[in-house]
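Have a look at the structure below, then the notes.
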Amino acid sequence: MIENVSIYELLTLTTILFFIGLYGFLTRKNLITMLMAIELLLNTSVINFVVINKYLYPDVLQGVYFSIFIIAVAAAETALAISIIINLYRLRTSVDITETETMKY
Amino acid sequence: MEQVIFYIFAIIIVVMAIASVTSRKILRAVIYLLMSLLGIAALYFMMQYNFLGAVQMAVYAGGIIILFIFAVLLVHQIEGKLEEPSTGRKIGMAALSLFGLGITLVTIYSHKFTVVEASKDFDVKDIGRGLLGTGEGGFILPFEVISIILLAAMIGSIIIAKGQKKEVKK
């Protein structure tokens, strides 16, 4: 653990980051910036796994394994989403969510 | 000393994250996100999870940010500013986020965590043994599933980004 830093401070930091990401996801209108907010959300969950592993169960590594899996899934998700966005741009010449409403209703 | 360094990194992470979700220039938003992710990697290094910090820097800073930059360049959004959300929407969403933040913080601070001192150190060898272990507590099955997911995502994104095939005239 980090000396003189309690688990509460770390969890406060991750909570603040999570809701910053949520705010970005709710206010942005561009698909790429929304995807960036999702990355922030996923990364805060990774920090939470690592912090809880380090502070509460320091003799096992399960949190680290889960973090590695979450990072791998996040990378796969980003690659897929960006390829979809590029294809969408080719079809619509826009990456704005207000213009992609074929599947809205 | 470590406390001071932690607070410096925490401030960097939070300020850069806020800049990343509010900046109206998209390429700058990507770079702010990169700074935030690097600060998180520094937190892993401070917690002595060196391998995880290296993975964070390689995958996020090296892979995902480059993907974002390529996407921004490919969709021609470097120049020009993003549309500003309406003030009412901003205030409403900020209030919603602050409400959720408050509830989560109250829940965290009302819970008593029993912090345990570490009795042994881990290195990369232990992580590898655990990830590829077939015995109790081994993670070989999820590891293989993740490799299939990565392969499927790779093939899928190639096929999607390639677009429709043009009709070949005979």
> What closest approach, in Å, do B:Phe45 and B:Ala54 show between heavy atoms, and which atom pair accounts for it?
Replying inline: CZ-N, 3.8 Å
> Shortest non-hydrogen contact from B:Ala153 to A:Ala76?
Replying inline: CB-CB, 3.6 Å
> Can you say whether B:Leu96 sits under 4.5 Å from chain A via the side chain, the backbone, both, or neither, judging by heavy atoms?
Replying inline: side chain
>> Measuring only between side-chain heavy atoms, which start at C-beta, is A:Leu56 closer than 4.5 Å to B:Val116?
In response: no
> Do the side-chain N and O atoms of A:Thr12 and B:Tyr109 include a donor-acceptor pair separated by under 3.5 angstrom?
Replying inline: yes
>> Using every non-hydrogen atom in the two residues, find where A:Glu9 and B:Gln3 come nearest and quote the distance to one decimal.
In response: OE1-NE2, 4.3 Å
> Highest number of heavy-atom pairs under 4.5 Å with chain B: which of A:Leu91, A:Leu10, A:Val51, A:Thr14?
Replying inline: A:Leu10
>> With a 4.5 angstrom heavy-atom cut-off, is it the side chain or the backbone of A:Leu17 that approaches chain B, or both, or neither?
In response: side chain
>> For the interface with chain A, which of B:Gln48, B:Glu117, B:Met154, B:Met1 has the highest count of heavy-atom pairs at distances below 4.5 Å?
In response: B:Glu117
>> Only pairs of heavy atoms separated by less than 4.5 Å count here; which of A:Ile68, A:Leu22, A:Val73 has the most with chain B?
In response: A:Ile68
>> With a 3.5 Å distance limit and no angle check, can you tell me whether A:Arg28 reaches the backbone of A:Tyr23 through a side-chain donor-acceptor pair?
In response: no
> For B:Ile146, is it the side chain, the backbone, both, or neither that has a heavy atom closer than 4.5 Å to a heavy atom of chain A?
Replying inline: side chain
> B:Phe68 versus chain A, heavy atoms under 4.5 Å apart: side chain, backbone, both or neither?
Replying inline: both
>> If I measure from the heavy atoms of chain B, does A:Ile84 come under 4.5 Å with its side chain, its backbone, both, or neither?
In response: both
>> Can you tell me which of A:Ile71, A:Val64, A:Asp59 forms the most heavy-atom pairs within a distance under 4.5 Å of chain B?
In response: A:Asp59
>> For B:Phe51 and B:Phe122, I'd like to know if the aromatic rings sit close, meaning centre-to-centre distance below 6.0 Å.
In response: no
>> For residues 73-83 of chain A, which residue pairs pass the side chain to side chain donor-acceptor pair (under 3.5 Å) check, not counting sequence neighbours?
In response: A:Glu39-A:Thr78
> Measuring heavy-atom distances to chain A, does B:Tyr49 have an atom under 4.5 Å in its side chain, in its backbone, in both, or in neither?
Replying inline: side chain
> Taking all atoms of both residues into account, what is the closest heavy-atom pair of B:Leu52 and A:Ser67, and its distance?
Replying inline: CD2-CB, 4.0 Å
> Given a strict heavy-atom distance threshold of 4.5 Å, which part of B:Val14 is in contact with chain A: side chain, backbone, both, or neither?
Replying inline: both
> At a heavy-atom separation under 4.5 Å, does B:Val145 approach chain A through its side chain, its backbone, both, or neither?
Replying inline: neither
>> Only pairs of heavy atoms separated by less than 4.5 Å count here; which of A:Thr44, A:Val46, A:Leu88, A:Ile52 has the most with chain B?
In response: A:Val46
> What part of B:Ser20 gets closer than 4.5 Å to chain A, counting heavy atoms only: side chain, backbone, both or neither?
Replying inline: both
> Do you know which of B:Thr104, B:Ile149, B:Ile127 has the most heavy-atom pairs under 4.5 Å to chain A?
Replying inline: B:Ile127
> Which bit of B:Ile40 is near chain A, if near means a heavy-atom gap under 4.5 Å: side chain, backbone, both or neither?
Replying inline: side chain
> Does A:Leu26 belong to the same Ile/Leu/Val/Met/Phe/Trp/Tyr cluster as B:Phe99, with side-chain heavy atoms less than 4.5 Å apart forming each link?
Replying inline: no
> Do the side chains of B:Met47 and A:Val50 get nearer than 4.5 Å, heavy atoms only?
Replying inline: yes
> Of the non-hydrogen atoms in B:Ser97 and A:Phe19, which two are nearest, and what is the gap between them?
Replying inline: O-CD2, 3.5 Å
> Using a cut-off of under 4.5 Å for heavy-atom pairs, which of B:Gly156, B:Gly63, B:Ala94 has the most such pairs with chain A?
Replying inline: B:Ala94
>> So for A:Leu11, is it side chain, backbone, both, or neither that comes closer than 4.5 Å to the heavy atoms of chain B?
In response: both
>> For B:Tyr7, which atoms come within 4.5 Å of any heavy atom of chain A: side chain, backbone, both, or neither?
In response: side chain
> With a 4.5 angstrom heavy-atom cut-off, which part of A:Leu13 approaches chain B: side chain, backbone, both or neither?
Replying inline: side chain
> Hey, which of B:Gly100, B:Ala71, B:Ala10, B:Ala29 has the most heavy atom pairs under 4.5 Å with chain A?
Replying inline: B:Gly100
> For the residue pair A:Phe66 and B:Phe139, does the interplanar ring angle fall in the parallel (under 30°), tilted (30 to 60°) or perpendicular (over 60°) class?
Replying inline: perpendicular
> Under a 4.5 Å heavy-atom cut-off, does chain B meet the side chain of A:Leu35, its backbone, both or neither?
Replying inline: both
> When only pairs under 4.5 Å are counted, which of B:Ala152, B:Pro85, B:Pro142, B:Ser147 shares the most heavy-atom pairs with chain A?
Replying inline: B:Pro142
> Which heavy atom in A:Asn87 sits nearest to a heavy atom in B:Ile160, and how many Å separate them?
Replying inline: ND2-O, 2.9 Å
>> Less than 4.5 Å to any heavy atom of chain A: does that hold for the side chain of B:Ile158, its backbone, both, or neither?
In response: neither
> If you count heavy-atom pairs under 4.5 Å between each of A:Phe25, A:Tyr8, A:Tyr55 and chain B, which one has the most?
Replying inline: A:Tyr8
> Counting distance only, does the side-chain N/O of A:Arg90 pair as donor-acceptor with the main-chain N or O of A:Ile85 below 3.5 Å?
Replying inline: no
> For chain A, which of B:Leu150, B:Ile65, B:Leu131 has the most heavy-atom pairs under 4.5 Å?
Replying inline: B:Leu131
